[in-house]
Amino acid sequence: MAPQGSRAPLEFGGPLGAAALMLLLPATMFHLLLAARSGPARLLGLPPHLPAPEALWSPAALLLWLTWLGLQAALYLLPARKVWTCLRTRVGGGLRVGLSEEKGTLNPNQSPLCLQMAEGQELKDKSRLRYPINGFQALVLTALSVGLGVSAGLPLGMLTEMLLPLASVATLTAFIFSLLLYLKALMAPASALAPGGNSGNPIYDFFLGRELNPRIGSFDCKYFCELRPGLIGWVCWACWAGLSGTWASRRGGTDEQFLCRAGAHQPGSAGTGSRTSGSPSLAMWLVNGFQLLYVGDALWHEEAVLTTMDITHDGFGFMLAFGDLAWVPFTYSLQAQFLLYHPQPLELPMASVICLVNAVGYYIFRGANSQKNTFRKNPSDPRVAGLETIATATGRQLLVSGWWGMVRHPNYLGDLIMALAWSLPCGVSHLLPYFYLLYFTALLVHREARDEQQCLQKYGLAWREYCRRVPYRIVPYIY
Ligand SMILES: NC(=O)C1=CN([C@@H]2O[C@H](COP(=O)(O)OP(=O)(O)OC[C@H]3O[C@@H](n4cnc5c(N)ncnc54)[C@H](OP(=O)(O)O)[C@@H]3O)[C@@H](O)[C@H]2O)C=CC1
Ligand SMILES: CC(C)=CCC[C@@H](C)[C@H]1CC=C2C3=C(CC[C@@]21C)[C@@]1(C)CC[C@H](O)C(C)(C)[C@@H]1CC3
């Protein structure tokens, strides 16, 4: 039985804050879903029409959701194809080859099927967990399965109408799953518990999560949820929203009929304007393209998630279960949902500027994340060996030039610039599509403060020296 009452300071406003977030997060998600399909599409203020209770639940949505989770779990367990592994190895560069060969896990000449694995950070008991690396393969196979399903006549056009019940089912799953995880953690050894999330207060611990890496056999629940059902679901749904225009016109429906069916055509609706061609608008192409790049990138660099604080520090509780399974797919796709019901005109010159903004954001995000990952894996790698560093008492070093000498969280800066680029195609007539940018700024500012606290504990004076030499946190000369 695990000991109760760790001395970690309480975060998120303690039990009261945790309880409030458990109500507020699902409420916000449903508000956004309803607002996106309402005529006025207001971020602040109630949507004009609240749905009937039966619109929030359907057995078909439950079946679809369970099938989706089953498909993603099967793809998680599937070995990586040899041809696939070789391709990733070549395109991914020396870093991946070095890592995998060093651990004896990758030999492209062995068998046509191999489960490529990566090792996580060292745990309290000095052991390291192993994780499958086949996320990008899962994305491609999912896209193929969905494509096959649609061409075989699966009524995926219903997806738009099923979004509310799907969100309910995902929220319910997150609650049940978190409860099971909480109970499972009661039997976990102390060494398996997360640094936070073990305060002894059941509400707080349920929210934050007690066990660091809950597993069923070798199936890692947190790693699976962080990158698979929600992230892949997000782009599948957003792309589907993009294609829905085509679908509406192929079925012989007008925009007006489509919007009525989807529940958006109400007095004062902005949603009957410009989408008449039956193909996704330029704005929709941009939003989908940018988000597909983001998710594809996350799965391509899958092993990088093993060093994020979600995997190394936070327990697996309601916050991450709900965040991964419900919040990400249903709120991160908000721009696509908004454009589906409120098409916006976008001219080519403006689209080019937005593409440039996204490219700059991606360049900073990827450059900063790759530089740190390369450095953490092998500080003498020629790509990072010339960078200036600060030594710490732990034996690890901190980068103080390159991306990490510009601000203390250059990767957050890139991520925020991309967030702006995802909203700009939606125009400036509504605040709603900018919700992601606002929420994400708050999330990253809070996350940055948590990370600083942890780094101060880990590196002490060396961290203070880093802060002195790199005074800005996220935005140079501003913050
Ligand atoms: N789309 C979304 O919803 C979200 C996206 N993200 C993205 O996820 C990515 C990962 O974020 P996150 O895990 O929060 O944080 P980081 O990837 O920034 O990792 C922080 C860690 O990096 C190490 N570090 C910090 N400074 C230095 C330095 N100067 N030199 C070397 N190492 C350093 C420290 O760990 P150590 O020293 O132990 O290596 C620190 O704890 C980011 O790109 C972020 O934008 C994050 C949250 C949500
Ligand atoms: C308020 C609330 C619901 C909190 C939960 C937060 C989660 C939604 C996010 C915490 C960290 C995340 C990361 C990603 C998605 C969102 C969550 C789960 C991420 C998988 C997105 C893709 C990136 O490339 C990433 C892999 C770096 C990233 C990791 C962190």
Side-chain angles (χ1 to χ4, degrees), residues 12 21-22 24-26 28-29 121-122 135 174 207-208 222-223 225-228 230-232 234-235 291 293-314 317-332 361-362 364-377 379 384 387-390 392 394 396-419 422 436 439-440 442-444 446-448 450-459 462-463 466-467 469-470 473-474:
F12 299 95
L21 281 171
M22 279 192 278
L24 255 175
L25 290 172
T28 307
M29 182 184 78
Q121 304 276 92
E122 193 174 274
F207 177 74
L208 223 63
K222 187 165 62 170
Y223 177 68
C225 288
E226 181 100 349
L227 284 174
R228 309 299 177 97
L231 216 58
I232 299 179
W234 160 24
V235 283
Q291 300 192 342
L293 170 74
Y294 189 70
V295 169
D297 174 272
L299 293 165
W300 187 267
H301 298 100
E302 193 178 13
E303 73 275 23
V305 87
L306 299 177
T307 57
T308 61
M309 73 165 77
D310 313 81
I311 302 289
T312 61
H313 182 269
D314 292 338
F318 180 79
M319 179 179 77
L320 280 181
F322 176 77
D324 293 340
L325 297 177
W327 184 260
V328 167
F330 298 103
T331 65
Y332 283 32
Y362 181 72
I364 300 175
F365 168 83
R366 180 58 19 236
N369 277 327
S370 292
Q371 194 169 70
K372 177 163 69 72
N373 291 338
T374 307
F375 181 71
R376 279 286 172 252
K377 276 174 192 160
V384 290
L387 294 174
E388 228 183 306
T389 58
I390 298 179
T392 76
T394 62
R396 295 184 119 194
Q397 293 171 311
L398 291 169
L399 287 168
V400 75
S401 68
W403 288 114
W404 297 81
M406 189 171 84
V407 284
R408 299 207 290 275
H409 275 286
N411 47 355
Y412 290 5
L413 175 66
D415 224 337
L416 284 169
I417 296 174
M418 284 192 283
W422 299 355
Y436 178 72
Y439 139 82
F440 200 41
L443 179 97
L444 290 185
H446 179 247
R447 198 172 165 96
E448 188 273 336
R450 292 180 76 207
D451 189 54
E452 292 265 317
Q453 202 55 42
Q454 286 163 27
C455 286
L456 190 61
Q457 259 174 24
K458 238 184 313 185
Y459 300 125
W463 187 258
Y466 178 50
C467 295
R469 292 188 52 185
V470 184
R473 295 160 191 263
I474 302 178

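Counting starts at 1 for both ligands and their atoms, following the listed order.
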Say whether [X], considering both its backbone and side-chain N or O atoms, lies within less than 3.5 Å of an N or O atom on ligand 1.
X	value
Trp404	no
Tyr439	no
Gln121	no
Asp451	yes

Is it the case that the side chains of [Y] and [X] hold a donor-acceptor pair, with the cut-off being a distance below 3.5 Å and no angle test?
X	Y	result
Ser370	Arg366	yes
Gln291	Trp422	no
Tyr439	Trp327	yes

Heavy atom of protein inside 4.0 Å of [atom], strictly below:
atom	answer
atom 22 (C) of ligand 2	yes
atom 30 (C) of ligand 2	yes
atom 9 (C) of ligand 2	no

Just need the protein heavy atom nearest to [atom], so name the residue and atom and give the distance.
atom	result
atom 4 (C) of ligand 2	Met319 CG, 4.0 Å
atom 27 (C) of ligand 2	Phe365 CZ, 4.6 Å
atom 46 (C) of ligand 1	Arg447 NE, 3.5 Å
atom 48 (C) of ligand 1	Leu443 CD2, 3.5 Å
atom 3 (O) of ligand 1	Tyr332 OH, 2.5 Å
atom 12 (C) of ligand 2	Glu226 OE2, 3.8 Å
atom 16 (P) of ligand 1	Asn411 ND2, 3.5 Å
atom 37 (O) of ligand 1	Tyr459 OH, 2.3 Å
atom 43 (O) of ligand 1	Asn369 ND2, 3.0 Å
atom 32 (N) of ligand 1	Arg376 NH2, 3.2 Å
atom 34 (C) of ligand 1	Cys455 SG, 3.9 Å

Which option, [options], owns the non-hydrogen atom nearest [atom]?
atom	options	answer
atom 24 (O) of ligand 2	Ala326, Gly323, Ala298	Ala298
atom 12 (P) of ligand 1	Phe440, Trp463, Tyr412	Tyr412
atom 5 (C) of ligand 1	Thr312, Val384, Asp415	Asp415
atom 28 (C) of ligand 1	Thr307, Thr394, Leu231, Leu399	Leu399
atom 19 (O) of ligand 1	Lys372, Lys458, Gln371, Met309	Lys372

Side chain, backbone, both or neither: [X] near ligand 2, heavy atoms under 4.0 Å:
X	answer
Val328	side chain
Trp234	neither
His446	neither

Determine whether the side chain, the backbone, both or neither of Ala368 has a heavy atom under 4.0 Å from any heavy atom of ligand 1.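 For Ala368, there is no contact with ligand 1 at all, from either part.
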
Proximity of Thr308 to ligand 1 by residue part, where a heavy atom lies under 4.0 Å: both

Side chain to side chain contact (heavy atoms under 4.5 Å, CB included) with Ala419: which residues, sequence neighbours excluded?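 So Ala419 forms a side chain to side chain contact (heavy atoms under 4.5 Å, CB included) with Tyr436, Leu437, Phe440.
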
Point-to-point distance, once rounded to the nearest 0.5 Å, from CD of Glu452 to CH2 of Trp463: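 Separation between the atoms: 5.0 Å.
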
Interatomic spacing from CG in Leu444 to OH in Tyr412 - rounded to 0.5 Å: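 The distance works out to 6.0 Å.
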
Looking at ligand 1, is there an atom of it that comes within less than 4.0 Å of some heavy atom belonging to Tyr436?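 It does, in that a heavy atom of Tyr436 comes within the 4.0 Å cut-off of ligand 1.
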
Qualifying residue for side chain to side chain donor-acceptor pair (under 3.5 Å) with Asn369, from Thr307, Asp415, Asn411: Asn411

Exactly one of Arg473, His409, Gln453 clears side chain to side chain donor-acceptor pair (under 3.5 Å) with Glu448, and that residue is Arg473

Keeping Gln371 on the side-chain end and Trp403 on the backbone end, is there a donor-acceptor pair under 3.5 Å? yes

For [X], take its heavy atoms, then give the atoms of ligand 2 lying under 4.0 Å from any of them.
X	answer
Asp310	10 (C), 11 (C), 30 (C)
Asp324	18 (C)
Leu25	1 (C), 3 (C)

Salt bridge between Arg450 and Asp314, side-chain N to carboxylate O under 4.0 Å? yes

